[in-house]
Amino acid sequence: MRKLWYFLFYGVCAFTIAFSLYWMAAVPPRTGRQGPASSRDAAPGSSPSLRAGAAVSGVEEEAAGYYLCDEGGRLSVYRCDAGGIPRQLLERTDIYTNLLPEADALRYKSGYYVWSLQELETLLEDLGA
């Protein structure tokens with residue numbers, strides 16, 4: 001009888017592991033939206049970028065940065081206007097915030113600003129998008 005319980009226990013464990021790996025690998029297909037690295041964005045070096053978002057006299061920026069937040073359990077990327085207010089949804093990534101380390105998950109659930117396109121691309125690449 002003990003062998004039967006071991007067999008059932010290990011069978012359930014193997015099924016759980018296989019199912020969870022399948023569930024994590026089954027990513028929903030992307031829609032027709034283009035991400036932040038699309039051709040419609042300006043090249044990173046085409047306009048000067050300021051880290052603190054302060055304006056230099058005579059120089060205006062198209063976007064002040066990007067805002068990353070958790071929406072429906074997934075990481076969303078918004079483009080900010082010159083005032084730093086998120087205005088336009090760029091991409092709803094396939095990165096699930098609940099699967100991130102706790103510190104990162106808390107950071108994105110409360111909202112996180114990134115000030116350059118290069119920094120955004122590096123961050124998304126590090127997170128696995």
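The analysis underlying the following values was restricted to heavy atoms, covering all of them including side chains, and did not include hydrogens, waters or symmetry mates.
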For [X] against [Y], the heavy-atom pair lying closest together:
X: Leu120; Y: Val114; result: N-CG1, 3.5 Å
X: Leu124; Y: Leu68; result: CD2-CD2, 4.3 Å
X: Cys69; Y: Tyr78; result: SG-CE1, 3.8 Å
X: Arg92; Y: Ser76; result: CG-OG, 3.7 Å
X: Leu90; Y: Arg79; result: CD2-NH2, 3.5 Å

Rounded to the nearest 0.5 Å, how far apart are [atom1] of [X] and [atom2] of [Y]?
X: Arg87; Y: Ile85; atom1: CZ; atom2: CD1; value: 4.5 Å
X: Tyr96; Y: Arg74; atom1: OH; atom2: CZ; value: 5.0 Å
X: Leu127; Y: Asp94; atom1: CG; atom2: CG; value: 12.5 Å
X: Glu71; Y: Thr93; atom1: CD; atom2: OG1; value: 10.0 Å

Find out whether [X] and [Y] are in side-chain contact, i.e. whether some heavy atom of one side chain is under 4.5 Å from a heavy atom of the other.
X: Asp104; Y: Glu102; result: no
X: Tyr67; Y: Val77; result: no
X: Asn98; Y: Lys109; result: yes
X: Thr16; Y: Phe19; result: no
X: Tyr66; Y: Cys80; result: no

- Query: Do Leu8 and Met1 share a hydrophobic cluster, counting only Ile, Leu, Val, Met, Phe, Trp and Tyr and linking them when any side-chain heavy atoms are less than 4.5 Å apart?
  - Reply: yes
- Quick one: list whatever passes side chain to side chain contact (heavy atoms under 4.5 Å, CB included) with Ile17, sequence neighbours left out.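 Scan of Ile17 (side chain to side chain contact (heavy atoms under 4.5 Å, CB included), adjacent residues dropped) gives Leu21.
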- Item | Phe7: side chain to side chain contact (heavy atoms under 4.5 Å, CB included) partners, not counting sequence neighbours |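 Not a single residue meets the side chain to side chain contact (heavy atoms under 4.5 Å, CB included) criterion with Phe7.
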- In chain order, what residues pass the salt bridge (charged side-chain N to carboxylate O under 4.0 Å, His left out) check against Asp70, with sequence neighbours excluded?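 Salt bridge (charged side-chain N to carboxylate O under 4.0 Å, His left out) list for Asp70, sorted by chain: empty.
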- Query: Parallel, tilted or perpendicular for Tyr113 and Trp115, by the 30°/60° rule?
  - Reply: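 Ring orientation of Tyr113 relative to Trp115: parallel.
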